[in-house]
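To keep things clear, I will list the structure first and then write my remarks on it.
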Number of protein chains: 2
Amino acid sequence: MARRRQAVTIKHVAADAGVSLQTVSRVVNKDSGVRPEMMARVQASIDKLGYVPSIAAQRMGGSRSYLILALNDRERTIADWRARQGTDWFDQMMLGGMLTCAEHGYRLIVELVDTHSDHIERELLAAIAALQPDGVILTPPHSGNPLIINLLEAQGISFARIGSLTDGPGIRLIMDDTRAAAIATEHLLELGHRRIGFIAGPAEYELSAWRVDGWRSAMQAAGVADDDLLAVGDFSHASGRTAAAQLLALAEPPTAIIASNDQMTLATLELARERNLVVPRDLSLISFDDTPIIRLAHPPLSAIVQPIAEVTAQAVSLIIADLGARLTTTTPVTVPAVLTTRNSTSPPP
Amino acid sequence: MARRRQAVTIKHVAADAGVSLQTVSRVVNKDSGVRPEMMARVQASIDKLGYVPSIAAQRMGGSRSYLILALNDRERTIADWRARQGTDWFDQMMLGGMLTCAEHGYRLIVELVDTHSDHIERELLAAIAALQPDGVILTPPHSGNPLIINLLEAQGISFARIGSLTDGPGIRLIMDDTRAAAIATEHLLELGHRRIGFIAGPAEYELSAWRVDGWRSAMQAAGVADDDLLAVGDFSHASGRTAAAQLLALAEPPTAIIASNDQMTLATLELARERNLVVPRDLSLISFDDTPIIRLAHPPLSAIVQPIAEVTAQAVSLIIADLGARLTTTTPVTVPAVLTTRNSTSPPP
DNA sequence: TTGAAAGCGCTAACAA
DNA sequence: TTGTTAGCGCTTTCAA
């Protein structure tokens, strides 16, 4: 293969403008200390020649790589893609992440790694060595993984942790799952429900516990708490069905159920239909996540909307800001989630 | 910010193994002409130190960047993400593209560019200068854009064009839309339909014409062709509705409609319901694309499934193969699309 | 079969 | 305020 070389390099610009390489570099990097007229002259040459610096060379020179790595769970991401159920967590991450990166002249590179893998450190180290990213975005369930967090810290790389409150380094961003669950629960309480079941997600995800907390505290505040109304799933359809069956089998079954993600809520809806329970007349339902499918369910499901794009956008912004001047933020950034009501909730029978 | 340097470089490995840099480089790049024992010794050092070459440095040294750029339509991609309708073209591209890249030690970087932009050349050139990708994957509607194709050819970059038959350089891959449309049409003909309407996509996408061709030829073969049965949309829900209304307003309306994408099919379903036409009893429907939403429609819609992951995977493989030895493939690679029948087709009333 | 030299495009450190 | 020098980590010459 023909060896490709940079078409227009800093040298060409320097020659064209009649200045040194360093001056061009200063203009490109908006360094202070360049006379306006000089700057204009260099910029003119840059525009004329269509010069764009090579990030590889920039990185080699000791500057940034202008690359941000998004670390996603390999297994889950691939499973979601293969399942074709419309889960758009990844897409929303791209929406917020890519666009914000682009605004700042950065690129987002996605890397899938296995949380359960014992060579996760090696994988991450390899990605860092190969790519030399300026920052890393950790998504659940990586966000709270101490192995990853400590490694990143040791490498001196700026990183954001989406959906984790675990102590430690890194910029933390959450969507206030506790409050969201409380909002959903309060909505049902206001409708008159007293027996409100909750289907939790797996413990591996920190947010699972937060959602349970929100539900429990709202129930306690209303004086109707009962942990028999809590069932646990693993975010899968099958587990949601099992959990729903468990709740409906109670001596005093719930008149409303909140499930920690769409798949489990859909499974609950399905089970309810099989048992001739009409939603929302006999059973109210609130879901978490709000992926596209639940809008097409019958009835369309009310749900807590996760502002994933917004959170990812902020993660990128904060990482880039951190690059300039080490942030000392220690409190997590919170982006509120909201309840979108559709037609799956009504007063209890 | 602390200036980060490569933790383990080729020098460390060379020192550890007691050989020259060049020998390490040869082992890393699997160059021939290294004695097995030497190779083993170097490899041992590499493993021991956890050495991974920096792609920035590799690229600077004149070798590959191990980066492949996927070029997507900016406007459409963002619109799909924002709409949250479950459109998973992008996800399927990532599934096929990322995983195949990973298998070969490559990374996939996504770049969104505006087709309609007059500075598309500048944008692309900038991305190429910054990233120095070894290859580029063009997705519709970029795949047939002569500006892009010629620019890439001039730059000497390997590239694949998904969904374009336009003559010119680049590896072409198609999903045989013509055949797919014919298959859908034939299925309906076999059920006894004679008035089969077709809602085409916008001319900007080459595949729009191919699908029309497949439908028309199947209709002609059956001796029932009638171009009054052809309506044109732009892939949007609204345009699908308009097109469907046009077809249903015919003196002799269709008993079946094939629409060129899911949104337009859904719009047709919606309009049919409003007019008290029961699908499939009064009107059969076949969709194109098979995004998640149509499986949840009532009834679930039969559809042509686009093998996007498979096509993208092949695109990556072919680009990487092309890097080694310039391919001389001139005939397009065809990955067949298949019809998945659900409950939206039946014999005509 | 191995090693030494030069250079890729850029920036940091220093000097002028 | 500008220019010069050295070097980043790697690969391609070329020589041994």
Side-chain angles (χ1 to χ4, degrees), chain A residues 1-42 46 49-67 105 126 128-132 134 323, chain B residues 1-42 46 49 51-67 105 126 128-132 134:
Chain A
M1 191 187 72
R3 216 178 122 127
R4 266 184 308 107
R5 281 249 193 326
Q6 202 79 343
V8 181
T9 73
I10 198 170
K11 278 187 187 168
H12 298 115
V13 178
D16 184 82
V19 299
S20 70
L21 304 187
Q22 191 47 40
T23 302
V24 179
S25 175
R26 285 187 182 108
V27 173
V28 168
N29 295 297
K30 298 183 179 57
D31 280 6
S32 57
V34 181
R35 247 183 309 154
E37 58 211 73
M38 183 99 281
M39 203 166 136
R41 180 144 60 101
V42 173
I46 289 175
L49 301 176
Y51 168 70
V52 175
S54 148
I55 64 166
Q58 286 188 125
R59 177 62 219 161
M60 290 303 298
S63 146
R64 302 181 179 183
S65 65
Y66 296 99
L67 259 24
I128 291 172
L131 259 12
Q132 304 263 61
D134 292 333
L323 258 29
Chain B
M1 189 188 71
R3 213 179 122 127
R4 267 184 307 108
R5 281 248 191 331
Q6 203 78 344
V8 181
T9 73
I10 198 169
K11 278 187 189 168
H12 297 115
V13 178
D16 185 82
V19 298
S20 70
L21 304 187
Q22 190 44 40
T23 301
V24 179
S25 176
R26 285 188 182 109
V27 172
V28 168
N29 295 296
K30 298 182 178 58
D31 280 5
S32 57
V34 181
R35 246 183 310 154
E37 59 210 73
M38 183 100 279
M39 205 166 133
R41 178 143 62 101
V42 173
I46 290 176
L49 301 175
Y51 168 69
V52 175
S54 148
I55 65 166
Q58 287 187 125
R59 176 64 220 162
M60 289 303 297
S63 130
R64 303 180 179 183
S65 65
Y66 295 98
L67 258 27
I128 291 172
L131 260 11
Q132 305 263 60
D134 292 333

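These values consider heavy atoms only, across backbone and side chains, with no hydrogens, waters or symmetry-generated copies. Sequence lines set the chain letters: A, B, ... in the order given, protein chains first and strands last, and positions in each chain run from 1.
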Worksheet entry | Least distance between heavy atoms, B:S65 atom then B:R59 atom | CB-CD, 3.7 Å
Worksheet, complete the sentence: Atom CD1 of A:I46 and atom P of C:dC10 are separated, to the nearest Å, by 10 Å
Worksheet entry | Atom-to-atom span, CZ of B:R59 to C1' of D:dT12 - whole angstrom | 13 Å
Discussion item. Without decimals, in angstroms, what is the distance between A:R41 CZ and D:dT1 C1'?
Written reply: 13 Å
Worksheet item: Atom NZ of A:K11 to atom P of C:dT11: distance rounded to whole Å?
Response: 14 Å
Discussion item. Tell me whether B:R26 contacts the main-chain N or O of B:D31 through its side chain, where contact means a donor paired with an acceptor under 3.5 Å.
Written reply: no
Worksheet item: Rounded to whole angstrom units, what separation is found between the CD atom of A:Q58 and the C1' atom of C:dT11?
Response: 9 Å
Item to complete: Give a yes/no on whether any side-chain N or O of A:Q6 is located under 4.0 angstrom from OP1 or OP2 of C:dG9.
Response: no
Response to the item:
Between CD1 of B:I10 and P of C:dA4 the distance, given in whole Å, is 14 Å
Discussion item. Using 0.5 Å steps for rounding, measure from the CZ atom of A:R64 to the CG atom of A:N29.
Written reply: 9.5 Å
Item to complete: Nearest whole angstrom, please: distance from the C1' of D:dC8 to the CD of A:Q132.
Response: 10 Å
Worksheet item: For DNA chain C, what residues of residues 12-37 of chain B have any heavy atom nearer than 4.0 Å?
Response: B:V19, B:S20, B:Q22, B:T23, B:R26, B:G33, B:V34, B:R35
Practice prompt. Quick one: pull up OH in A:Y51 and CD in A:Q6 and give me the separation to the nearest 0.5 Å.
Written response: 7.5 Å
Item to complete: Using atom CE of A:M38 as one end and atom P of D:dT1 as the other, report the distance to the nearest whole Å.
Response: 13 Å
Practice prompt. Output yes when at least one side-chain N/O atom of A:Y66 is less than 4.0 Å from OP1 or OP2 of C:dC10, else no.
Written response: no
Worksheet item: So B:S20 and B:T23, side-chain contact (heavy atoms from CB on, under 4.5 Å) or not? Walk me through it.
Response: CA-CA 5 Å; B:S20 70; B:T23 301; 3.2 Å; yes
Worksheet item: Any chance CE of A:M39 has more than 12 other-residue heavy atoms, nucleotides or ligands included, within less than 6.0 Å?
Response: no
